[in-house]
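One structure below.
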Amino acid sequence: MATATDQVVGFGLVTFSALLFVYYTLWIIVLPFIDSDHSIHRYFLPREYAVLIPVVAGLLLLLFIGIFITVVMWKNRKPVKKLD
């Protein structure tokens with residue numbers, strides 16, 4: 001059973017993810033259909049970042065996964081036996 005702290009952290013992560021999903025969906029799907037002089041455009045980044053941010057985030061994720069796997073393999077390696 002999860003502790004109260006775990007539940008609060010989990011709820012926070014789910015809420016953050018849901019808000020990020022709604023923001024990104026509005027930015028990518030809805031915003032192109034709204035006139036460019038509308039005031040709502042102030043709350044969103046330029047459209048170039050819609051591709052750039054996920055690409056950079058994905059590359060950083062792959063980098064950290066690679067570093068993690070490298071560190072785990074490095075720590076778990078067995079010493080090589082010398083043949084005399």
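Note that OG1 of Thr70 and CD1 of Ile65 are 11.5 Å apart. Values are rounded to the nearest 0.5 Å. Atom CZ of Phe44 sits about 9.5 Å away from atom CD1 of Ile28, to the nearest 0.5 Å.
Residues Tyr43 and Tyr23 keep their aromatic ring centres 6.0 Å or farther apart.
Not a single donor-acceptor pair under 3.5 Å links the side chain of Trp27 to the backbone N or O of Ala50. For the pair His41 (side chain) and Pro46 (backbone), a donor-acceptor distance under 3.5 Å is absent.
Linking Ile, Leu, Val, Met, Phe, Trp and Tyr whenever their side-chain heavy atoms come within less than 4.5 Å leaves Leu19 and Leu13 in two separate clusters. Leu62 and Val71 are not part of a single hydrophobic cluster, where members link through side-chain heavy atoms under 4.5 Å apart. The hydrophobic cluster containing Val72 does not contain Phe64, counting ILVMFWY residues as joined when their side-chain heavy atoms lie under 4.5 angstrom apart, directly or transitively. In the hydrophobic clustering of ILVMFWY residues, with side-chain heavy atoms under 4.5 Å counting as a link, Val30 and Val22 come out together.
Among residues two or more places apart in sequence or in another chain, the side-chain contact (heavy atoms from CB on, under 4.5 Å) test is passed with Val14 by none. Take Pro32 and apply the side-chain contact (heavy atoms from CB on, under 4.5 Å) test, not counting sequence neighbours, and it matches Arg47. Residues passing the side-chain hydrogen bond (donor to acceptor under 3.5 Å, both in side chains) test with Asp6, sequence neighbours excluded: Thr3.
Counting heavy atoms from C-beta on, the side chains of Ile67 and Leu63 come closer than 4.5 Å. Contact check for Leu31 versus Leu26: no side-chain heavy atoms found under the 4.5 Å cut-off. Within the 4.5 Å cutoff, the side chain of Tyr24 has no heavy atoms near those of the Ile29 side chain.
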